[in-house]
Amino acid sequence: MSMFAISGLICGVSCIVLAGITKFFGRTKIHQVLGLFNLSVAIWGFGSFMAGIASTEESAIYGWRVAQVGGTFIAVFFYHIVCIFCELKRKVPLTIIYIWGLFFLPFTVYTNILFDKTRFIYDVHYNDATPLYAFLVVSWLFIVCLSFFEVVRYLPKTKGIKRTQTIYIITGFLVGFLGGASTLIPMFGVNLPPLGNFTIPIYCLISTYAILRYRLMDINLVLRKSMVYSLSAGILTSLFVVIIITMTKFFSDLAGVRSYTILAIASLIIAILFNPLRNKIQRLVDKRFYKRSYDYYSTIQQVSSTLATMFNRNSILKFIGNLLYEVLGLEGVYMIAAVPAEGIYEAVYQINKDGGRIDPLTEDGKRMNIDEKSGAIKLFARSRDIIVKDELPLLEEKVGRDVAEEIWKDIEKFKGEVLIPIFI
């Protein structure tokens with residue numbers, strides 16, 4: 001099996017997984033388009049795999065047709081994603097681009113105008129570009145570049161979590177497109193090793209991390225250990241299957257050993273390695289996505305018995321702050337108390353891993369505070385919900401962009417992530 005075929009298989013599997021994530025956890029239009037985008041990339045990957053393992057020119061051309069069905073619409077759906085994410089009113093250009101994709105579809109499936117012949121390089125029957133195919137590639141690159149131009153131009157207008165999401169979109173998609181587009185070069189007579197598909201799983205990793213950590217596309221996943229473990233085991237199994245196929249092919253050709261002998265040896269080695277590797281991945285998952293587990297019942301008992309003996313406000317705040325800091329393994333906590341006469345909410349206690357337990361003072365010697373006119377205080381007056389900085393874009397529809405920006409500035413002042421109201 002050629003490296004191009006392996007890269008196509010990994011590309012297809014990883015993008016199908018990402019398409020599944022957006023399908024099951026997405027709820028809005030951008031999620032639907034993102035799912036279609038990842039499905040298109042998966043089709044390109046599986047088509048590349050079919051072309052990479054083809055033993056005849058005819059079967060290779062069939063694989064290239066499958067790949068191109070997905071490949072054409074990668075650019076279409078990417079532009080659509082950018083339009084929605086960047087809140088662009090581009091109805092006419094978007095319609096034209098969809099018509100462009102549909103125009104090339106029958107030529108791809110039913111004619112030989114795009115795929116006529118191949119040339120054998122790097123153990124692959126590689127498509128030899130026709131004039132119409134060259135036009136398709138040039139126009140495809142134009143749409144992709146236009147999409148990146150729009151999202152880069154949008155970046156300076158963003159702030160907070162939206163800016164972080166935009167940076168991840170630029171980085172992740174750029175990595176994927178640069179690698180994927182490089183596989184088109186051999187079609188024009190340049191013998192560049194077609195290994196760019198290996199970068200597409202990196203795009204998947206970046207996008208998935210951004211979804212989990214920064215609510216990319218406002219997808220809020222409720223991760224369960226069973227789901228994460230199943231996903232990690234599935235990826236590990238896919239990797240081992242690829243290794244088995246590669247080892248079987250390589251040693252059979254090199255040493256003339258029968259394939260089932262190599263298969264048995266490779267399977268035995270993998271059976272020995274699978275559990276240790278899976279356990280290590282699970283430990284990494286636990287460390288990255290789950291804080292220290294703890295017994296809620298005993299913690300509540302401790303809090304109840306201790307608070308029953310406290311009558312001083314600051315002592316209560318310090319006790320709660322210390323408890324949250326130690327039990328949840330946080331990087332820092334601010335306890336902020338209301339000062340009604342002065343119309344402010346003043347920080348009375350701070351805990352962090354660098355400075356220990358200290359009084360939170362600014363450079364001019366004053367305590368850090370939040371004004372009662374702050375958007376956060378106004379929101380708490382109406383609702384006692386917890387405010388998460390990463391989820392402020394979701395609050396914009398409820399409170400308005402100006403109020404959401406005020407809240408973001410207040411949280412950022414304390415370099416915080418979550419703001420929790422405490423009422424007595």
Side-chain angles (χ1 to χ4, degrees), residues 160-161 164 213-215 220 223 286-392 394-395 399 403-424:
I161 186 63
T164 303
R213 179 67 180 85
Y214 295 105
R215 278 40 165 212
N220 191 357
L223 282 176
D286 280 337
K287 184 177 179 181
R288 182 63 189 86
F289 290 108
Y290 301 100
K291 297 293 186 181
R292 290 180 299 166
S293 60
Y294 54 94
D295 188 340
Y296 287 100
Y297 182 72
S298 62
T299 302
I300 291 172
Q301 277 190 323
Q302 175 194 355
V303 171
S304 299
S305 60
T306 305
L307 286 179
T309 65
M310 291 183 175
F311 301 97
N312 179 270
R313 183 199 67 178
N314 286 348
S315 297
I316 293 173
L317 293 177
K318 289 180 180 180
F319 171 73
I320 294 174
N322 290 338
L323 186 73
L324 291 173
Y325 178 77
E326 292 170 1
V327 171
L328 296 179
L330 305 177
E331 293 187 4
V333 175
Y334 279 94
M335 303 303 295
I336 306 170
V339 186
E342 299 180 21
I344 59 172
Y345 287 75
E346 185 177 71
V348 296
Y349 194 55
Q350 175 190 359
I351 313 165
N352 61 49
K353 63 180 182 180
D354 298 322
R357 292 150 176 78
I358 58 176
D359 287 330
L361 302 177
T362 58
E363 294 181 357
D364 58 2
K366 296 180 180 179
R367 291 185 183 276
M368 296 176 66
N369 62 69
I370 298 177
D371 192 274
E372 67 175 358
K373 297 179 181 178
S374 161
I377 304 303
K378 291 177 182 177
L379 185 60
F380 286 148
R382 304 197 308 267
S383 169
R384 298 190 176 188
D385 293 336
I386 293 171
I387 298 176
V388 180
K389 187 171 74 171
D390 285 354
E391 296 177 353
L392 283 177
L394 303 179
L395 270 179
V399 301
V403 175
E405 289 181 356
E406 285 181 18
I407 296 174
W408 185 86
K409 290 177 182 177
D410 284 331
I411 298 178
E412 186 68 16
K413 183 192 304 181
F414 293 88
K415 297 181 179 178
E417 297 291 339
V418 182
L419 193 57
I420 305 173
I422 302 175
F423 292 87
I424 301 175

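Each residue takes its place number in the sequence, starting with 1. What you see below is based on every heavy atom in this structure, not just the backbone, and it leaves out hydrogens, waters and symmetry mates.
Partners of Ile377 according to the side chain to side chain contact (heavy atoms under 4.5 Å, CB included) rule, which considers only residues two or more places apart in sequence or in another chain, are Tyr345, Ile370, Ser374. Annotation: side chain to side chain contact (heavy atoms under 4.5 Å, CB included) contacts of Lys409 (sequence neighbours excluded): none. Shown here are the side chain to side chain contact (heavy atoms under 4.5 Å, CB included) partners of Leu323, two or more places apart in sequence or in another chain: Thr299, Gln302, Val303, Val327. Contacts of Thr306 classified as side-chain hydrogen bond (donor to acceptor under 3.5 Å, both in side chains), with partners at least two apart in sequence or in another chain: none. For Glu372, there are no salt bridge (charged side-chain N to carboxylate O under 4.0 Å, His left out) partners two or more places apart in sequence or in a different chain. Residues satisfying the salt bridge (charged side-chain N to carboxylate O under 4.0 Å, His left out) test with Glu346, not counting sequence neighbours, are Arg367.
Minimum heavy-atom separation, Asn369 to Phe414: N-CZ, 4.1 Å. When every heavy atom of Lys373 is checked against every heavy atom of Glu406, the shortest pair comes out as O-OE1, 4.1 Å.
Atom OH of Tyr334 is separated from atom CD1 of Ile351 by 11.0 Å, given to the nearest 0.5 angstrom. Rounding to the nearest 0.5 Å gives a distance of 12.0 Å between CG of Leu419 and CG of Asp385. Interatomic distance, CD of Glu331 versus CD of Glu417, reported as 8.5 Å (0.5 Å rounding). Once rounded to the nearest 0.5 Å, the distance linking CG of Asp371 with NZ of Lys378 reads 9.0 Å. The line from CD1 of Ile407 to CD1 of Ile387 is 4.5 Å long, rounded to the nearest 0.5 Å.
Note on Glu412 versus Lys389: salt bridge recorded, some NZ/NE/NH1/NH2 to OD/OE distance being below 4.0 Å.
Without hydrogens or angle criteria, Lys318 side chain to Met335 main chain gives no donor-acceptor distance under 3.5 Å.
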Could you go step by step and tell me if Met310 and Asn312 meet the side chain to side chain contact (heavy atoms under 4.5 Å, CB included) rule? CA-CA 6 Å; Met310 291 183 175; Asn312 179 270; over 6 Å; no

